[in-house]
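Notes for the one structure printed next.
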There are 2 protein chains.
Amino acid sequence: MAGRRTTGAPGVTRENLADAALRLLEREGPKGLSMRKVAAEVGVQAASLYWHVRNKEELLDLAADALWEGYAPLPEGRTVTAEAWRDCLAVASHRLRAHLLAHANAVRVLAGRFAPGPRSLGPMEEILALLRGVGFGPADTADAAYTLLTWVQGFVLHEAVPMSAAEEHGATPGEAAAEARERLAALPAERYPHLVELAGELSGPGMDSRFAFGLARLLDGLEALRAR
Amino acid sequence: MAGRRTTGAPGVTRENLADAALRLLEREGPKGLSMRKVAAEVGVQAASLYWHVRNKEELLDLAADALWEGYAPLPEGRTVTAEAWRDCLAVASHRLRAHLLAHANAVRVLAGRFAPGPRSLGPMEEILALLRGVGFGPADTADAAYTLLTWVQGFVLHEAVPMSAAEEHGATPGEAAAEARERLAALPAERYPHLVELAGELSGPGMDSRFAFGLARLLDGLEALRAR
DNA sequence: TCCGCTGTCTAACGTTGTTAGGGGAGAGGT
DNA sequence: ACCTCTCCCCTAACAACGTTAGACAGCGGA
């Protein structure tokens with residue numbers, strides 16, 4: 001038969017459907033995700049999916065949760081010292097970004113869909129634990145974790161969408177960045193003086209350092225709060 | 001005839017198509033946006049759209065740009081004093097959030113699509129000007145503006161998606177928040193101890209104060225950088 | 001008058017999400 | 001042995017979608 005699953009437990013389960021959707025998303029891009037293709041991926045006809053899943057919306061929720069499969073919690077046991085909390089939060093943020101960036105196509109489709117499943121709450125729990133563990137109060141912990149997570153996701157969304165779009169168009173990241181820079185520099189300078197001036201700074205491929213900058217500012221802000 | 005445009009200059013232009021798409025998005029939600037309906041909204045058959053627009057993707061880019069029509073630049077003229085830059089950045093951020101939140105349905109569809117048009121760069125230019133005006137260097141300005149914008153968009157995305165989804169489902173924001181809290185509280189406490197403990201703090205409808213918190217931390221971080 | 005351009009139309013293509021209804025395989029009871 | 005029930009998949013079809021091809025009406029200029 002044509003399309004058969006390749007990994008994991010055999011049956012047609014909700015879990016396998018979510019995995020298949022994710023696999024398809026990553027392989028064929030956002031437009032390549034249809035019920036029929038997901039069905040084919042698990043070796044079944046499209047209508048059969050509706051036995052396991054209410055509709056496509058629910059499948060996407062499942063996929064959004066399955067995205068976090070294998071997102072390991074921080075190296076267990078070692079409690080976070082009061083001095084090292086900054087570094088711990090930093091590596092947690094970097095891991096978060098890396099994980100999302102590794103599924104750029106999925107991020108593009110599933111953005112804003114994180115919450116329905118328990119697995120997608122893993123990162124939140126991890127960060128909450130970190131903050132509470134070093135003395136932040138309940139309210140501050142909740143707000144700080146929320147700030148950090150929304151920022152990382154907003155950042156990665158901006159990073160992943162052009163990446164995934166460029167790939168779909170058959171361009172390298174470097175080309176895409178260069179084109180973005182040119183578009184900025186070509187703007188009317190009297191209306192957008194600073195954008196034109198900073199075109200080079202804004203559209204470089206140096207996303208790593210940009211992420212580090214934002215993270216440092218955010219952690220500085222949290223440190224100031226903690227110092228009170 | 002059935003559907004006719006109601007405002008603006010008469011012809012079928014790219015601009016009017018973008019407006020119609022935006023209007024439709026807000027009125028009927030994300031699934032209500034089809035080429036046929038946009039065409040009907042401007043009083044024309046679907047195929048005619050392709051004279052003005054390459055495809056739906058391009059229409060959405062246009063709409064993402066048109067979202068920023070009427071986003072007035074800050075009260076002109078008055079230069080920002082070195083003491084007031086914090087407040088200025090804060091009101092700029094609040095205006096940004098309010099503007100996005102006023103088009104929650106559109107945000108849900110157009111997320112990550114901000115960049116193609118010049119109008120959507122207005123907020124960026126505004127913030128760049130502010131930062132440069134108070135002494136930040138070129139690189140810091142670019143990174144800081146990027147951080148701020150990505151955070152606001154990530155925040156609003158998380159805020160707008162459940163809002164728009166709940167409305168589609170016919171629920172009030174309060175009900176949606178209560179349901180979210182219950183879902184968090186019902187999680188396995190041994191796997192997600194902090195999420196369960198902080199369910200109340202995390203899922204309250206107090207989005208305004210949560211936004212203010214994140215903004216304050218970010219501005220604190222920027223202030224620390226500037227003080228060096 | 002004829003030409004070419006602009007902007008719309010009708011008709012159709014293939015694909016999508018989704019529903020209705022049928023059927024077979026296996027378990028369990030009698 | 002038979003019946004029945006539940007589970008799971010099937011085929012067939014629907015309306016709606018994005019998109020293309022090609023024809024036609026109105027227009028300005030040669």
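Reminder, nothing fancy here: chain letters follow the sequence lines and each chain counts from 1. Quick caveat: nothing in here was measured; it's all calculated off a predicted structure.
Distance from the side chain of A:M35 is smallest for C:dT18 among the nucleotides D:dG18, C:dT8, C:dT18. For B:A47, whose side chain is taken as the heavy atoms from C-beta onward, the closest listed nucleotide among C:dT10, C:dT19, C:dT18 is C:dT10. Side-chain proximity of B:Y50 to C:dT18, D:dT20, C:dC9: nearest is D:dT20.
What separates CG of A:N16 from C1' of D:dC8 is a distance of 15 Å, to the nearest Å. At whole-Å resolution of the value, CG in A:L49 and C1' in C:dG17 are 11 Å apart. Atom CZ of B:R36 and atom P of D:dT20 are 13 Å apart (whole Å). When the P atom of D:dG18 is taken as reference, atom NZ of B:K56 falls 4 Å away, rounded to whole Å. Following rounding to the nearest Å, A:K31 (NZ) and D:dG18 (P) show an atom-to-atom distance of 9 Å. Straight-line distance from the CD atom of B:Q45 to the C1' atom of C:dC9: 7 Å, rounded to whole Å.
Interatomic distance, B:L215 CG to B:L89 CG, rounded to the nearest 0.5 Å: 8.0 Å. In this structure, NE2 on B:H158 lies 13.5 Å from CD on B:Q153, to the nearest 0.5 angstrom.
For B:A66, the side chain to side chain contact (heavy atoms under 4.5 Å, CB included) test picks out B:E15, B:A18, B:D19, B:L22, B:R119, with sequence neighbours left out.
Comment: B:D208 engages B:R97 in a salt bridge, judged by a side-chain N to carboxylate O separation of less than 4.0 angstrom. Here B:R210 does not pair with B:E159 in a salt bridge; the nearest charged N to carboxylate O distance is not below 4.0 Å.
Between A:W51 and the phosphate of D:dC9, there is no side-chain N or O to OP1/OP2 separation shorter than 4.0 Å. Checking the phosphate oxygens (OP1, OP2) of C:dT6, no side-chain nitrogen or oxygen of B:H52 falls inside 4.0 Å. The phosphate of D:dC8 has neither OP1 nor OP2 within less than 4.0 Å of any side-chain N or O from A:S48.
Residue order along DNA chain C, read from the 5' end via each residue's closest nucleotide, puts A:K37 first among A:R54 and A:K37.
Within 4.0 Å (heavy atoms only), A:S34 reaches sugar-phosphate atoms of the nucleic acid but no base atom.
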